[in-house]
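Input: a single structure, listed below in structure tokens.
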Amino acid sequence: MKANTDLLIQEAKKNAALQAIKHVKDNFIVGLGSGTTVAFAIEALGKRVKEEKLRVMGIPSSYQAFQLAIQQGIQITTLDEHPIIDITIDGADQITPKLDLIKGMGAALVREKIVATASKYNIIIVDKSKRVNVLGENNQAVPIEVLPFALSLVKNKIADLGGNPVVREGKGKLGPIITDNGNMIIDANFGLIQNPQDLAIKVKNIPGVVETGFFVDLTNIAYIATENRVEQLQK
Ligand code: 5RP
């Protein structure tokens with residue numbers, strides 16, 4: 001039963017990814033998000049590159065995205081060479097009807113936000129389990145990337161803001177996880193977040209916070225996959 005459900009979720013993610021890939025045109029610079037859903041998009045983009053001879057260059061938001069893109073034969077470029085990205089495709093951990101997001105459960109939130117901000121058009125692909133009315137539902141914590149030197153200070157300040165800060169531990173590694181940027185991640189549970197913009201500013205203002213997992217007002221369109229169809233959410 002569980003294996004069957006997992007298979008359906010994988011299929012749903014793939015369908016959302018296929019919708020997103022349709023937006024990519026010849027000569028586009030494409031921001032490549034991170035995560036298991038985006039992996040399907042990178043694979044599908046690689047297929048278009050091979051089969052349609054589509055000329056695109058990718059800007060990966062993590063080592064994971066970088067490696068997948070290379071494997072799929074997608075040419076890589078940098079923000080220095082192409083500071084304006086045509087389109088970015090990324091996943092999310094939560095999404096509201098207003099297209100506000102929590103991201104960062106894959107610890108790639110800093111580069112994901114940089115790529116999204118440099119992008120003219122942002123597409124989010126998720127399965128329906130990520131859809132919520134209010135960010136923070138289901139005890140979802142907000143990932144926050146923190147300079148290791150400032151860890152204790154940031155934990156205290158987040159607690160003052162009503163968040164429950166937990167330093168994320170590694171899997172297959174003892175101690176805290178270290179991000180692609182050499183930092184640590186605090187997962188902060190704030191309960192229901194009615195005003196993510198306001199809270200994002202307060203958290204970002206703490207010295208030592210590199211970036212927060214709040215993605216507000218960045219997304220243009222989302223494809224949300226259910227078992228039998230892909231719903232489109234647009235502002
Ligand atoms: C990584 C992210 C991912 O986009 C997010 O965690 C969703 O991942 P998945 O598609 O595997 O559920 O923000 O930092």
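When a ligand or atom number is given, it counts from 1 through the structure's own listing order.
Dense packing is recorded around NZ of Lys130, with more than 12 heavy atoms of other residues, nucleotides or ligands lying under 6.0 Å away.
Leu192 belongs to a hydrophobic cluster with Val134, counting contacts under 4.5 Å between side-chain heavy atoms of Ile, Leu, Val, Met, Phe, Trp and Tyr, direct or through other members.
For ligand 1, the 4.0 Å heavy-atom shell contains residues Ser34, Gly35, Thr36, Thr37, Asp90, Gly91, Ala92, Asp93, Lys103, Gly104, Met105, Gly106, Ala107, Ala108, Leu109, Glu112, Lys130.
Put simply, the side chain of Asp127 does not reach to within 4.5 Å of the side chain of Ile224, judged on heavy atoms.
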Please tabulate, for the side chains in residues 162-174, all donor-acceptor contacts under 3.5 angstrom to protein atoms that are two or more places apart in sequence or on a different chain.
residue, atom, partner, partner atom, Å
Arg168, NE, Asp187, OD2, 2.9
Arg168, NH1, Gly104, O, 3.4
Arg168, NH1, Met105, O, 2.9
Arg168, NH2, Gly104, O, 3.1
Arg168, NH2, Asp187, OD1, 2.8
Lys173, NZ, Pro176, O, 2.7

Which pairs of donor and acceptor atoms, one on a side chain in residues 12-25, lie under 3.5 Å apart (sequence neighbours left out)?
residue, atom, partner, partner atom, Å
Lys13, NZ, Thr36, OG1, 2.8
Asn15, ND2, Glu11, O, 3.4
His23, NE2, Tyr223, OH, 2.7

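Ion pairing between a basic and an acidic side chain is recognised when a charged N comes within 4.0 Å of a carboxylate O; Lys128 and Glu227 show such pairing.
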